[in-house]
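The structure appears right after this line, and notes come after that.
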Amino acid sequence: MTQEQILITGAGGQLGRVLTLKLQETYGINHIIASDLRPNTSFNGIFEVLDATDFDALQTIVQNYKITQIYHLAAILSASGEKAPLNTWDINMKTLFNVLEVSRIHKVKKVFFPSSIAVFGDNVQRTNTPQSTNLKPSTVYGMSKAAGENWANYYFEKYGLDVRSIRYPGVIGYQSLPGGGTTDYAVDIYHKAVKNEPFECFLSASTKLPMIYMEDAIRATIEVMQAPSENMTIRTSYNIAGTNFNPEQITTSIRKIYPEFQVSYNPDFRQDIAETWPMSIDDTEAQKDWNWKPQYALEDITTDMIKHLKRKYTIENIDL
Ligand code: SER
C-alpha cells in the first residue's frame, strides 16, 4: 500500500481539529498536513497557513507534499453565511473548485467534501428525509452544499476523481466549538450547564433537528473514505443519521445531571432556518453501501459531553 499524504483544509474548525488528530493517529503524524486560514499553534505535527481560495497556494502545498488525499473542510456555515450571502457563495464555491481542479490536475486519489442537512428545504418530507429528493435549500450555505454535491458527482463522472461526501447532521463535541451554525446551540448548552450558568436558546423548545456526536461524525468520515470504491453508489453525498432531538429534550437529559439548569427561549433568524431543515434522516443507503451505524444516542452524548467538559473546565479553570 502506498503511503498516503493527507491535506486537511479548515483544520482549525469544529470538525477539523478532531479529524486532524484522528488522521494523525491513523496514518502517522508526518503524513498529515493540517491547514487553515489562520496560524494555529495548538497542533502537533505539520501545519500550513492556507487560504483555499488561492489556487496557487493550494497547488504549491499539494505539489510540495505530494498529497494523495484532501479533506476539504473549510467553509462558511449556515447562520454566518446569511450575513454575507454573496461572499459565502464565493468562498464556499471557490475553495471547492480549487480543491477539485488541483486534485484533477495532480491526480490526488481521493477527496472528501462535507455536505449537510442544509441541502434540504421545507418542500420535502421532514421526518426520515430520504436520500434522493428535490433539493431546495433555504440558505446560501445549503445552496453551496447542494451545488457542491453536484460538482463532486460531475468530477467523478467526467474525470474519475474519487470524491466522497456525507451530509452531516449538527455535530456535537466537547473537543472544539462550532462557528456560525444553526445547530450550535446543542454544543453551547452543555458548556453553560457545566459552568452552572443559565442558557438562552436561539431555537424554540420544540424545534427538532438531526444531530450527531463527534465520535460518530469522525468515524463516518473515515469509514466513507475507506469504503471500497465499487460499494459507493452515491456520488453526490450520503445521508447519515446520528440521533435527533429538540432543545426541550436535550434540556431534560442535562437536568438528570444538573437538576437546577435553567433554559429560556428567544428564537432568532436561526429558527427560520431550522424550520426548513429535516427533523430526522433516512440513511438506508449509507447503511447498505458502507455499513453506517451510529453509536451515540442523546443520553450517551449528554453523559460523555458533561464528563469531558467538567474535566476540561476543572483543569483549565478558564472559559474555552
Ligand atoms: N451544523 C451546520 C450548520 O448549522 C449544518 O451543516 O450550519
Side-chain angles (χ1 to χ4, degrees), residues 9-10 13-19 71-85 87-89 91-93 95-96 112-122 124 126 129 135-149 152 165-190 201-204 207-214 216-218 220-221 224 236-247 250 267-281 283 286 294 296 301 305:
T9 72
Q14 186 197 12
L15 270 164
R17 282 170 188 273
V18 190
L19 185 65
Y71 288 73
H72 174 46
L73 302 185
I76 300 181
L77 292 189
S78 61
S80 301
E82 292 309 284
K83 293 175 187 155
N87 190 45
T88 299
W89 175 262
I91 289 177
N92 288 2
M93 298 314 294
T95 55
L96 175 61
F112 178 76
F113 168 67
S115 187
S116 161
I117 52 168
V119 295
F120 300 110
D122 59 4
V124 301
R126 290 181 62 215
T129 303
L135 300 184
K136 189 164 77 70
S138 63
T139 58
V140 178
Y141 169 73
M143 283 158 59
S144 73
K145 291 298 181 188
E149 291 185 3
S165 178
I166 52 187
R167 292 170 174 157
Y168 289 110
V171 179
I172 302 169
Y174 58 86
Q175 303 93 328
S176 52
L177 290 173
T182 303
T183 56
D184 294 10
Y185 91 86
V187 178
D188 297 340
I189 194 169
Y190 287 110
C201 188
F202 58 72
L203 297 183
S204 70
T207 309
K208 189 170 178 178
L209 288 169
M211 299 282 183
I212 190 166
Y213 199 43
M214 182 66 83
D216 276 341
I218 296 293
T221 309
V224 79
T236 48
S237 188
Y238 279 95
N239 276 11
I240 60 161
T243 180
N244 46 76
F245 53 78
N246 64 32
I250 193 172
D268 63 17
F269 72 102
R270 290 167 281 194
Q271 178 68 31
D272 299 335
I273 297 176
E275 281 174 15
T276 69
W277 286 2
M279 293 187 272
S280 58
I281 294 288
D283 63 1
Y296 288 80
I301 296 175
M305 281 295 281

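Start at 1 and go down the list; that is how both ligands and their atoms are numbered. Values below: all heavy atoms of this structure, side chains included; hydrogens, waters and symmetry mates excluded.
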**Message:** A side-chain contact here means heavy atoms from C-beta on lying under 4.5 Å apart; do Trp277 and Arg126 qualify?
**Reply:** no
**Message:** So if I count the atoms of ligand 1 from 1 in the order they appear, which ones are less than 4.0 Å from some heavy atom of Leu77?
**Reply:** 7 (O)
**Prompt:** Checking side chain to side chain donor-acceptor pair (under 3.5 Å) against Ser165, which of Ser115, Ser237, Ser116 comes through?
**Reply:** Ser237
**Asked** Mind checking whether Leu73 and Leu19 have side chains closer than 4.5 Å, heavy atoms only?
**Response** yes
**Short N or O distance, Ser116 and ligand 1, threshold 3.5 Å exclusive** = yes
**Asked** Counting from 1, what ligand 1 atoms have a heavy atom of Tyr141 closer than 4.0 Å?
**Response** 5 (C), 6 (O), 7 (O)
**Request:** Spell out, as yes or no, whether a donor-acceptor pair under 3.5 Å connects the side chain of Lys145 to the backbone of Pro114.
**Result:** yes
**Request:** Select one of side chain, backbone, both or neither to describe which atoms of Trp277 lie under 4.0 Å from any atom of ligand 1, heavy atoms only.
**Result:** side chain
**Complete:** the protein heavy atom lying closest to atom 2 (C) of ligand 1 turns out to be Thr183 OG1, 4.0 Å
**Item:** Partner of Tyr213 under ring pair (Phe, Tyr, Trp, His ring centres under 6.0 Å), chosen from Phe245, Tyr296, Tyr168
**Value:** Tyr296
**Request:** Provide, to 0.1 Å, the distance between atom 4 (O) of ligand 1 and the closest protein heavy atom, together with that atom's residue and name.
**Result:** Thr182 N, 2.6 Å
**Message:** For Ser78, which part has a heavy atom under 4.0 Å from ligand 1: side chain, backbone, both, or neither?
**Reply:** both
**Fill in**
Heavy-atom nearest pair, Ile240 first then Ala286, reads CG2-CB, 4.0 Å
